[in-house]
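Quick caveat, the model's predicted, so the values are computed rather than measured. The chains referred to below are lettered A, B, ... by the order of the sequence lines, with proteins before strands, and numbering in each begins at 1.
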2 protein chains.
Amino acid sequence: MDRADIALIEALQRDSSRSIAELAEALALSPSACHRRIRALEEKGVIEGYAARLDPHRLGLTVEVFVEITLTSQSREAMDRFERAVGDFDDILECHLMSGSADYLLRVAAADLGQYDAIHRDCLARLPGVSAMRSSFSLRRIKRFAGYPARRA
Amino acid sequence: MDRADIALIEALQRDSSRSIAELAEALALSPSACHRRIRALEEKGVIEGYAARLDPHRLGLTVEVFVEITLTSQSREAMDRFERAVGDFDDILECHLMSGSADYLLRVAAADLGQYDAIHRDCLARLPGVSAMRSSFSLRRIKRFAGYPARRA
DNA sequence: GTTCGCGCGGGAATAATTCCCGCAGGCGTG
DNA sequence: CACGCCTGCGGGAATTATTCCCGCGCGAAC
């Protein structure tokens, strides 16, 4: 993981559709060396895969919500059950086990408030062992998550 | 945006490295039709781009933090200044203007608690107009954000 | 009813790119 | 020095993207 790998990773996080020849030129590397490095990063698991980045607004998703969840019990069983249930719902985009006051943080997207209400009823309210739930709405996305900083690695 | 477009979008969000021929077969479409649809989605802006998905652990990033920020003033100027400053720091991966008790929600990643402390000092503490800041640590990622649900569009 | 235009899909040809191989050279380390 | 490691170069095969052309179905206009 030297300077070139880091530059490569940052370039690929920003745009993975460029050709190897282009990337190589930007990094002042030969195409074959560039290709070898990408392969190595993929095999080491640093690069997990490639994905299209979508514009949620053009998908009709105007509402993005962070939901803090507190469970009634922090027993291993209760948490396992909760986490399994989270996996079953596609509307829950992301879930973290948290330190601090709340137990879990969820991220949910919806077309509008009406649909969020439906998700709330059909999905969030069905999660097992929940004692409290607090939704915070994102009014505007100031900065988008576009990958991790690679410079210190 | 018919059934095929939605399936295409979901497939590309999961893995954009598959060849068009493969995608076409999965969608029961010809490669040329599949290619045309992808191009159209790119041109419409539904697909913003393509990115490599990295494993933060293999990058040495073991700490992920959500930071709630409250400003001293909700004036337009204070918010503008804050938002510009957020854009200047690469360690702030994501930022949302929120409804509810806190004003902003930030996402930050760091190698360890020591580095988070450094980011806290050098970056978060320098954000202008902040009255309160509350960090919540992600102990474990239960479910990863892998794109938006496309089915209702 | 016919005819035109239009959108969309299929198939094949073409161009570009990736992928994989071997080889020689530079460079630091034991 | 010898060795391992990485780089650059080149070639060649396989895969893939991109384009072109044709045909079908459908609706509108006359």
Review point. Mapping A/I20 and B/A4 to their closest nucleotides on DNA chain C, which lands nearer the 5' end?
Key: B/A4
Revision key, fill the gap. Between A/S32 and A/R18, whichever has its closest DNA chain C nucleotide further toward 5' is A/R18
From [options], nucleotide with atom closest to [X] side chain:
{"X": "B/A33", "options": "C/dG10, C/dC19, D/dG10", "value": "C/dG10"}
{"X": "A/R36", "options": "D/dG8, D/dA17, D/dC21", "value": "D/dG8"}
{"X": "B/S30", "options": "D/dG8, C/dG10, C/dC8", "value": "C/dG10"}
{"X": "A/L29", "options": "D/dG8, C/dC19, C/dG11", "value": "D/dG8"}
{"X": "B/R37", "options": "C/dC8, D/dC9, C/dG10", "value": "C/dC8"}

In this structure, how many angstroms lie between the [atom2] atom of [N] and the [atom1] atom of [X], rounded?
{"X": "B/E42", "N": "D/dA17", "atom1": "CD", "atom2": "P", "result": "11 Å"}
{"X": "A/H35", "N": "C/dC21", "atom1": "NE2", "atom2": "C1'", "result": "12 Å"}
{"X": "B/I38", "N": "D/dT19", "atom1": "CD1", "atom2": "P", "result": "13 Å"}
{"X": "A/Y50", "N": "D/dT16", "atom1": "OH", "atom2": "P", "result": "15 Å"}
{"X": "A/D2", "N": "C/dG28", "atom1": "CG", "atom2": "P", "result": "14 Å"}
{"X": "A/L41", "N": "D/dC6", "atom1": "CG", "atom2": "C1'", "result": "14 Å"}

Check your understanding: Base, sugar-phosphate, or nothing: which does B/S19 touch, judged by heavy atoms less than 4.0 Å apart?
Key -> sugar-phosphate
Review point. Checking all strands, does B/R39 fall into the base, sugar-phosphate, or nothing category for heavy-atom contacts under 4.0 angstrom?
Key: sugar-phosphate
Using a strict 4.0 Å threshold on nitrogen-to-oxygen distance, state whether [X] and [Y] make a salt bridge.
{"X": "A/E94", "Y": "B/R144", "result": "no"}
{"X": "B/R134", "Y": "B/E68", "result": "yes"}
{"X": "B/E43", "Y": "B/R39", "result": "yes"}

Point to revise | Atom CZ of B/R121: over 12 foreign heavy atoms under 6.0 Å | key: yes
Check your understanding: Going only through I, L, V, M, F, W and Y residues with side-chain contacts under 4.5 Å, is there a path from B/L105 to A/V67?
Key -> no
